[in-house]
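Heads up: the structure comes next, in structure tokens.
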Amino acid sequence: MNRPKAGDQVTTNGWVRTARHSKGFSFVEVNDGTTILNLQAVCDATLPNYEATIKHIATGTSVRITGELVDSPGKGQKYELRASDVHVYGFAPDFPLQKKGHTMEFLREIAHLRSRSNTFGAVFRVRNEMARAVHEFFQQRDFLYLHTPIITASDCEGAGAMFRVTTLDPDKPPRHKDGSIDFTQDFFGKTAHLTVSGQLSAETAALALSRVYTFGPTFRAENSNTTRHLAEFWMIEPEVAFFDINDDQDLAESFLKHIFKSVLEHCPDDMKFFADRIEKSAIDTLNHIVESEFVRMTYTEAIDILLKSGRSFEFPVKWGCDLQSEHERYLTEEHVKRPVILTNYPKDIKAFYMRLNDDEKTVAAMDVLVPRIGEIIGGSQREERLDVLEQRLREMNLSAEDYSWYLDTRRFGTAPHAGFGLGFERTIQFATGLGNIRDTIPFPRTPGSAEF
RNA sequence: UCCCCGAUAGCUCAAUGGUAGAGCGAGCGGCUGUUAACCGCUAGGUUGUAGGUUCGAGCCCUACUCGGGGAGCCA
């Protein structure tokens with residue numbers, strides 16, 4: 001499918017996207033997933049298995065076709081395959097995918113087959129390219145790829161509801177005398193969960209190896225039913241020693257630009273498909289982002305802009321309140337019309353580990369907001385001062401004992417450091433223009449749904 | 001979890017409370033250059049589930065299930 005010059009003898013294996021039969025010959029378009037483009041094979045009726053086999057080839061049939069690659073006399077393709085041998089691996093009676101358009105909802109119900117569609121072939125090729133670009137970006141900058149645990153026994157990662165991991169019999173778990181479940185008899189000797197973030201682990205590595213990043217599955221047991229939430233998703237979390245909040249913003253901006261630039265360079269056919277069929281502005285948006293500077297403003301400045309906007313929001317704007325979706329959308333979609341990085345949020349609406357600013361009212365937090373998706377990156381400079389961190393734990397009613405290993409990093413040679421988390425699927429969603437995050441991952445896991 | 005909308009053929013959708021249809025897809029036939037090909041024929045339905053109102057319900061009412069959009073939580 002990578003289009004060698006005409007005249008070559010080639011063999012292609014793949015799945016038929018569409019077949020058109022007429023009296024003397026058939027057109028069979030084959031796709032093997034390497035590109036969104038099909039290879040059109042012309043199968044003459046003089047082929048020995050024409051009547052018995054070729055004539056019955058339809059959408060979904062898997063085939064091997066050998067022939068000469070020739071210049072195509074028809075419009076729509078440069079080359080075509082003049083078939084000399086056609087082998088059918090398997091027919092596909094009642095194949096649910098048609099050659100005509102399907103709704104994303106229907107395709108989601110047949111997720112085990114939807115990779116055979118143009119849209120999902122393109123999605124998964126772009127997903128792959130973005131994953132490749134993530135590693136390329138960090139490896140070029142001497143970051144170490146760190147594998148943080150997926151199962152965690154610390155119940156204090158503090159980023160939302162967690163899935164429990166246990167081998168205890170749910171019908172008759174061992175119990176204490178007071179009736180509560182005895183988790184000391186569980187597999188790990190204590191309660192365990194799936195990770196909601198590798199950040200705290202990554203911090204311990206950053207304070208030894210300087211530059212690290214994670215890229216792995218993340219699990220949130222939140223009952224979130226939206227177009228931008230998954231119960232199982234992939235997150236990228238760089239963590240860098242000796243970085244402050246400004247370095248963190250620089251890193252986030254160049255990181256996003258690198259990923260989008262890579263997609264534009266390496267997936268032009270797929271991006272053209274998204275622009276044609278999914279979101280008209282898909283390519284323009286990415287070009288715009290690669291070429292322009294992100295707008296940076298503080299939370300306080302953002303509140304000011306919202307107050308002066310003259311807009312009536314459903315949720316009134318007030319310093320100290322968390323920004324609602326409608327506020328974020330106004331800022332990134334209407335006010336600046338590109339990504340915006342907000343910093344220095346009130347400490348009461350952010351996590352305990354974010355570094356307290358000198359005003360003692362705000363923390364060095366950073367959210368990257370993009371049009372349509374909202375928050376795509378959340379990060380901060382971390383609180384490296386032991387006494388301040390302990391004070392923040394107390395304020396938030398968190399137990400210093402639970403975090404003793406984390407606090408050790410501040411006890412022993414602490415250093416300023418910063419990092420962020422990027423939602424991989426949200427980034428795919430943004431780049432492709434897809435409306436629902438469930439279409440960015442092969443088999444989406446959401447509340448009430450873990451099919452396939 | 002809350003609010004709104006929806007569910008009719010494999011898919012996308014029609015059908016004033018009165019005999020459930022079309023296009024596409026599929027199967028068969030036709031067609032010598034097609035491109036979401038084209039032309040003809042055929043098959044295909046417990047109208048999401050359970051109740052209720054009515055002489056009569058795809059249509060009205062109630063509950064539930066599933067799906068979609070928005071909100072919250074966040075990445």
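We name chains A, B, ... by the order of the sequence lines, and we start the count at 1 in each one.
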Is the shortest side-chain N/O distance from [X] to OP1 or OP2 of [N] below 4.0 Å?
X: A:Arg438; N: B:G68; answer: yes
X: A:Lys23; N: B:G29; answer: no
X: A:Arg108; N: B:G68; answer: yes
X: A:Arg20; N: B:U34; answer: no
X: A:Thr227; N: B:G70; answer: yes
X: A:Thr103; N: B:U12; answer: yes
X: A:Arg228; N: B:A71; answer: yes

Where the side chain of A:Met235 is concerned, which of B:C73, B:A75, B:C24 is the nearest nucleotide?
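The closest nucleotide is B:A75.
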Among B:U1, B:C73, B:U34, which nucleotide has an atom closest to any side-chain atom of A:Gln77?
B:U34
Can you say whether the rings of [X] and [Y] are parallel (under 30°), tilted (30 to 60°) or perpendicular (over 60°)?
X: A:Phe124; Y: A:Phe120; answer: tilted
X: A:Phe255; Y: A:Phe420; answer: tilted
X: A:Phe452; Y: A:Phe443; answer: tilted

Ring of A:Phe274, cation from A:Arg277 - is the NZ or CZ under 6.0 Å from the centre and inside 45° of the axis?
no
Contacting residues from residues 441-452 of chain A, given that a heavy atom lies under 4.0 angstrom of RNA chain B:
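RNA chain B contact set from residues 441-452 of chain A: none.
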Could you pick out which residue, A:His102 or A:Leu97, lies toward the 5' side of RNA chain B when each is mapped onto its nearest nucleotide?
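Final value for this comparison: A:His102.
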Result for 5'-nearest mapping on RNA chain B, choosing between A:Pro93 and A:Phe27, is A:Pro93
Step by step, would you call A:His229 with A:Ile437 a side-chain contact (heavy atoms from CB on, under 4.5 Å)?
CA-CA 7 Å; A:His229 287 265; A:Ile437 199 167; 5.6 Å; no
Has A:Phe25 got its ring stacked on B:G33, by the test of a centre gap below 5.5 Å and a plane angle below 30°?
no
Show me, range against range, the stems involving RNA chain B, built from at least 3 consecutive Watson-Crick or G-U pairs below 3.5 Å.
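Counting only runs of 3 or more consecutive pairs, the stems involving RNA chain B are B:1-7 with B:65-71, B:10-13 with B:21-24, B:26-30 with B:38-42, B:48-52 with B:60-64.
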Within-4.5 Å side-chain heavy-atom neighbours: A:His193 and A:Val165
no
A:Leu37 CG to B:U35 C1', straight-line distance once rounded to whole Å
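Whole-Å distance recorded here is 13 Å.
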Rounded to whole Å, please give me the gap between OH in A:Tyr79 and C1' in B:U34.
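About 21 Å, once rounded to whole Å.
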